[in-house]
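Data first, discussion second: the structure below is written as structure tokens.
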Amino acid sequence: MGLKKTTRIIEVVPEKFSMLQLSEAVKLLREGKVVAFPTETVYGLGANALDESAVKKIYVAKGRPSDNPSIVHVCSEEQLNEVVRGVPPKAHVLIKKFWPGPLTIVLKKSKKISSAATGGLDTVAVRMPSHKVALALIKEYGFPIVAPSANSSGNPSPTTADHVYADLFGRIPLIIDGGKCEVGLESTVISFVSAEGKDLAVPILFRPGKVSVEEIEEVIGKIIVPSSAANAKHIEKPLSPGMKYKHYSPKAEVIVILPGKDFVKKVFEIGAGKDIGVLSFTKRVDVDREFFFGGNVESYAKALFEAFRVFDNKGVELIIAEGVSEKGLGLALMDRLKRASSKII
Ligand code: TXA
Ligand code: MG
């Protein structure tokens, strides 16, 4: 009989953990293994970004297509300079303003980074997370950590250690449990390199996130926001490889009702006779399976992926979600909702 594969969970409190609690994770990383850890956005599944065989283990555990590049997490500008070839002035401004935090920057990659981490591309996506546990882990380990979201490929990103456990039990040795992720949606991704490898004077938004277009434009001026970003699953030649894959999808069908419609009325029309789950933003519908966010976009974003998982576990067949205005964090929230949906009304 073979050894039974298990996944251990180590609980840490972000405000008062000790480095000793991270020692097992650091040991595993040093052995070329993978570890799931919390960030302020979603949980990541990490490995040494410079070690090809370690990186490949992430792709196997997640069932992630090998041409989908992952984000490299660093803890200092020194480490950033090791993984990229040059930082353009505007990128530097963004780094000064938003790091550590939920902003990922795509730059030309250095030779050090395993090409398994970048899906064979000549560019690399880098971010410095603000979560204390993530930062401490990278610092203590001493190498940049490549980490996609710690879900199995195609599922919504995990925002709690339980979500990681549900998806990857037996496939990874360790999860560091740092509680619920503060933001709940993945980082903003912005690129300074064109698909042909040329420097871009005006950077392009690849994925909206917590750091909003408005906040970015306030410090570096206009950026390109592809109008298709929110409908990226429909574009044929995606700007960012990850965009061609269906993401964030619960098993249930998702229908988004755009703001300005009578949401409550629509729910009763569309949901009649079905086992539904409701995500209401402005007004409570008053059905059994409902998350109500009282007009708070931050709470909606934080709970979205968890709500998808809760509804799936209850066997909901249709999720009806109230849309929000695509301003600030609303752009990221609508991007994830639209990608998960089969219909937008
Ligand atoms: O918040 C986050 O970004 C989380 C946490 C763990 O940091 N990570 C995350 O990683 O969401 P992942 O791998 O699930 O999403 C990375 C996205 C994908 O859409 C991928 O295609 C894109 O970034 N990406 C990564 N490297 C890229 C590159 N070199 N060029 C273009 N897009 C890239
Ligand atoms: Mg992901």
Side-chain angles (χ1 to χ4, degrees), residues 34-47 49 55 58-59 62-74 83-84 98-110 113-131 133-135 137-138 144-159 163-164 167 176 178 181-197 200 203-211 226 229 232-233 238-249 301 305 332 335-336 339:
V34 302
V35 169
F37 62 97
T39 82
E40 70 279 21
T41 55
V42 300
Y43 275 74
L45 182 60
V55 174
I58 296 177
Y59 283 73
K62 278 181 61 93
R64 181 177 176 99
S66 62
D67 66 346
N68 192 0
S70 301
I71 294 171
V72 173
H73 297 68
V74 298
V83 304
V84 301
F98 297 109
W99 280 14
L103 177 71
T104 297
I105 297 177
V106 177
L107 297 169
K108 287 182 186 158
K109 102 187 226 312
S110 81
I113 292 293
S114 156
S115 65
T118 61
L121 296 176
D122 197 32
T123 54
V124 61
V126 192
R127 91 174 181 99
M128 189 191 293
S130 63
H131 196 289
V133 174
L135 269 182
L137 181 68
I138 307 166
I145 296 180
V146 60
S149 49
N151 50 294
S152 73
S153 199
N155 280 1
S157 291
T159 55
H163 299 163
V164 181
D167 275 19
I176 303 173
C181 299
E182 201 41 52
V183 178
L185 301 179
E186 308 85 347
S187 63
T188 307
V189 181
I190 185 167
S191 181
F192 284 83
V193 194
S194 76
E196 295 77 36
L200 288 172
I204 304 183
L205 184 76
F206 277 178
R207 181 173 73 184
K210 167 79 178 156
V211 175
K233 68 180 178 185
L239 296 164
S240 170
M243 287 180 172
K244 74 181 176 207
Y245 298 106
K246 194 167 187 239
H247 271 64
Y248 325 113
S249 311
F305 292 151
D335 171 75
R336 307 312 191 272
R339 282 160 176 272

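Predicted model only: the values in this text are computed from it and were never measured. In each ligand, atom 1 is the first atom listed, and ligand 1 is the first ligand listed. No hydrogens, no waters, no symmetry mates; every other heavy atom, side chains included, goes into these values.
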Under 4.0 Å from one or more heavy atoms of His73, ligand 1 contributes atoms 5 (C), 6 (C), 7 (O)
Taking both backbone and side-chain atoms into account, decide whether Ser149 has an N/O/S atom under 2.8 Å from the Mg ion (ligand 2).
yes
Does some non-hydrogen atom of Glu40 fall short of 4.0 Å from ligand 1?
no
What do you reckon, does Ser149 have a nitrogen or oxygen under 3.5 Å from a nitrogen or oxygen of ligand 1?
yes
Run down the list Pro69, Pro65, Pro148 and name the one with the heavy atom closest to atom 33 (C) of ligand 1.
Pro69
Just to check, does Lys109 reach to within less than 4.0 Å of ligand 1 when the distance is taken from its heavy atoms?
no
Element-labelled atoms of ligand 1 that are located less than 4.0 Å from some non-hydrogen atom of Leu121
28 (C), 29 (N), 30 (N)
May I ask which of Arg207, His131, Arg64 has a heavy atom nearer to atom 13 (O) of ligand 1 than the others do?
Arg64
Heavy atoms only: which of Thr123, Ile58, Leu45, Val42 lies closest to atom 29 (N) of ligand 1?
Thr123
Heavy-atom pairs closer than 4.0 Å: do any link ligand 1 to the side chain of Arg127, the backbone, both, or neither?
side chain
Under 4.0 Å, heavy atoms only, figure out whether ligand 1 is touched by the backbone of Asn68, its side chain, both or neither.
side chain
For Thr39, the option from Glu186, Glu182, His131, Arg127 that meets side-chain hydrogen bond (donor to acceptor under 3.5 Å, both in side chains):
Arg127
If I apply the N/O under 3.5 Å rule, does Thr39 come out as touching ligand 1?
no
Examine Tyr43 against ligand 1 and note whether any of their N/O atoms are separated by less than 3.5 Å.
no
Can you list the atoms of ligand 1 that are under 4.0 Å from a heavy atom of Thr41?
1 (O), 2 (C), 4 (C), 5 (C)
Backbone N or O of Cys181 within a donor-acceptor pair of the Tyr43 side chain at under 3.5 Å?
no
Checking Ser149, Ser157, Pro158 against His163 for side chain to side chain contact (heavy atoms under 4.5 Å, CB included), the one that qualifies is Pro158
Which of the numbered atoms in ligand 1 are under 4.0 angstrom from any heavy atom belonging to Ile71?
3 (O), 8 (N), 9 (C), 10 (O), 16 (C)
Mark up the atoms of ligand 1 that fall under 4.0 Å of a heavy atom belonging to Gly44, in ascending order.
6 (C)
Thr104, any N or O under 3.5 Å of ligand 1 N or O:
no
Donor + acceptor pair across side chains of Arg207, Thr104 (<3.5 Å):
no
